[in-house]
Participant: 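Before I ask anything, let me first share the structure, which is written out below as structure tokens.
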Amino acid sequence: MTPRNVDWLAGSRVNDWTTQWTYGDVIEVVTGAGAHLDCVMLPKVQSAEQIAWLDLTLTQIEKTLGLAVGGIGIEAQIENARGLVNVDAIAAASPRIETIIFGPADFMASINRKSLVVGALHPDYP
């Protein structure tokens, strides 16, 4: 994929869609970074509807700011069992999807399993 803006590429992670901060995060980040923003990372994605919401919100902001519609991509973090079950639908939910990121530590916690320490090896793992 060719970068949209070679002068300055930036991405921003917003809060999880289930929090009260997500909407404000998206508005503030996209309004503030505008044409310099390459993508928005949405954590703990569980359904295609969450991606559709972010796509629609980005479209509305891009139109309001006079930016090219579709110019800001989406990175979806899969961090729980429901998200993994729905990963195909999530990946197909928007043409803005650029990356699917798997978060193993949060995923393991979501299924009540021991996890590898993030960034380190588990001592019992061969």
Side-chain angles (χ1 to χ4, degrees):
M1 173 168 271
T2 303
R4 291 176 187 74
N5 182 335
V6 294
D7 295 329
W8 177 35
L9 296 177
S12 182
R13 179 190 180 279
V14 296
N15 275 289
D16 167 13
W17 183 79
T18 63
T19 71
Q20 70 266 28
W21 303 292
T22 313
Y23 171 78
D25 286 354
V26 173
I27 300 298
E28 185 170 340
V29 165
V30 178
T31 301
H36 303 292
L37 188 63
D38 184 53
C39 64
V40 172
M41 180 186 296
L42 187 62
K44 301 186 188 301
V45 176
Q46 298 183 51
S47 69
E49 291 78 17
Q50 293 172 343
I51 298 299
W53 170 84
L54 182 55
D55 185 322
L56 177 61
T57 303
L58 290 171
T59 296
Q60 292 173 344
I61 300 168
E62 287 166 337
K63 287 180 178 179
T64 299
L65 298 177
L67 301 172
V69 172
I72 299 170
I74 297 173
E75 293 185 348
Q77 286 187 296
I78 306 300
E79 300 179 81
N80 59 41
R82 183 170 176 224
L84 187 58
V85 167
N86 294 325
V87 71
D88 289 338
I90 290 166
S94 168
R96 293 179 187 267
I97 291 285
E98 294 182 359
T99 309
I100 301 289
I101 302 162
F102 182 66
D106 284 344
F107 176 80
M108 295 300 285
S110 82
I111 61 172
N112 296 319
R113 302 292 295 181
K114 281 188 175 180
S115 168
L116 298 177
V117 175
V118 176
L121 293 177
H122 190 282
D124 296 330
Y125 189 77

Participant: Would you compute the distance between atom CD1 of Ile61 and atom CG of Leu56 and round it to the nearest 0.5 angstrom?
Facilitator: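 These two atoms lie 9.5 Å from each other.
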
Participant: How close do Gln46 and Gln50 get, counting heavy atoms only, and between which atoms?
Facilitator: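 Of all heavy-atom pairs spanning Gln46 and Gln50, the closest is N-OE1, 2.7 Å.
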
Participant: Could you grab the distance from atom OG of Ser12 to atom CG of Leu42, nearest 0.5 Å is fine?
Facilitator: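 Reported to 0.5 Å precision, the distance equals 11.0 Å.
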
Participant: Look up atom NZ in Lys44 and atom CD in Glu79, then write down how far apart they are to the nearest 0.5 Å.
Facilitator: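 That separation rounds to 4.5 Å.
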
Participant: Nearest heavy-atom pair of Asn86 and Ser47: which atoms, and what distance?
Facilitator: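 For Asn86 and Ser47, the tightest heavy-atom pair comes out as ND2-CA, 4.4 Å.
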
Participant: Clusters formed by hydrophobic residues whose side-chain heavy atoms approach within less than 4.5 Å: which one holds Ile101, and what are its other members?
Facilitator: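 In the cluster with Ile101 are Met41.
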
Participant: Taking salt bridge (charged side-chain N to carboxylate O under 4.0 Å, His left out) as the cut-off, I'd like each qualifying pair that reaches into residues 47-76, sequence neighbours left out, listed once.
Facilitator: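 Found Asp55-Arg96, Glu62-Arg96.
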
Participant: Honestly curious: do Leu84 and Ile111 fall in one hydrophobic cluster under the side-chain, below-4.5 Å linking rule?
Facilitator: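 Cluster IDs for Leu84 and Ile111 match.
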
Participant: Taking C-beta and beyond as the side chain, do Trp53 and Tyr23 meet within less than 4.5 Å on heavy atoms?
Facilitator: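 In short, these two side chains touch, coming nearer than 4.5 Å.
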
Participant: Donor-acceptor pair, Asp16 side chain versus Thr19 backbone, under 3.5 Å?
Facilitator: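 No, the answer is negative, given that no donor and acceptor are paired below the 3.5 Å cut-off.
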
Participant: Taking all heavy atoms of Gly83 and all of Ile78, pick out the closest pair and write down the distance.
Facilitator: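 Nearest pair, atom of Gly83 first, then Ile78: C-CG2, 3.5 Å.
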
Participant: What distance do Leu54 atom CG and Ser94 atom OG have between them, rounded to the nearest 0.5 Å?
Facilitator: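 Going from the CG atom of Leu54 to the OG atom of Ser94 covers 8.0 Å.
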
Participant: What pair of heavy atoms forms the shortest contact from Ala76 to Ile51, and how long is it?
Facilitator: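 Looks like CB-CD1, 3.9 Å.
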
Participant: Looking at Thr22 and Asn15, would you say the former's side chain and the latter's main chain have a donor-acceptor pair under 3.5 Å?
Facilitator: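 Yes, because the side chain of Thr22 sits within donor-acceptor range (under 3.5 Å) of the backbone of Asn15.
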
Participant: List the atom of Val45, the atom of Asn80, and the distance in Å for their closest heavy-atom pair.
Facilitator: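 Taking every non-hydrogen atom into account, O-OD1, 4.4 Å.
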
Participant: Should we say atom CZ of Phe102 is surrounded by more than 12 heavy atoms from elsewhere, each under 6.0 Å from it?
Facilitator: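 Yes, because the 6.0 Å sphere around CZ of Phe102 holds more than 12 heavy atoms from other groups.
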
Participant: Just so I know, are the side chains of Val26 and Trp21 near enough to count as touching, which here means a heavy-atom distance under 4.5 Å?
Facilitator: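 SC-SC contact between Val26 and Trp21 ruled out.
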
Participant: Could you go through residues 64-73 and list every donor-acceptor pair under 3.5 Å that involves a side-chain atom there, pairing it with any protein atom two or more places apart or in another chain?
Facilitator:
| from | atom 1 | to | atom 2 | distance (Å) |
| --- | --- | --- | --- | --- |
| Thr64 | OG1 | Gln60 | O | 2.9 |

Participant: Specify the closest pair of heavy atoms between Ser110 and Ala81, including all atoms of both residues, with the distance to one decimal.
Facilitator: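 Heavy-atom minimum between the residues: OG-N, 3.2 Å.
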
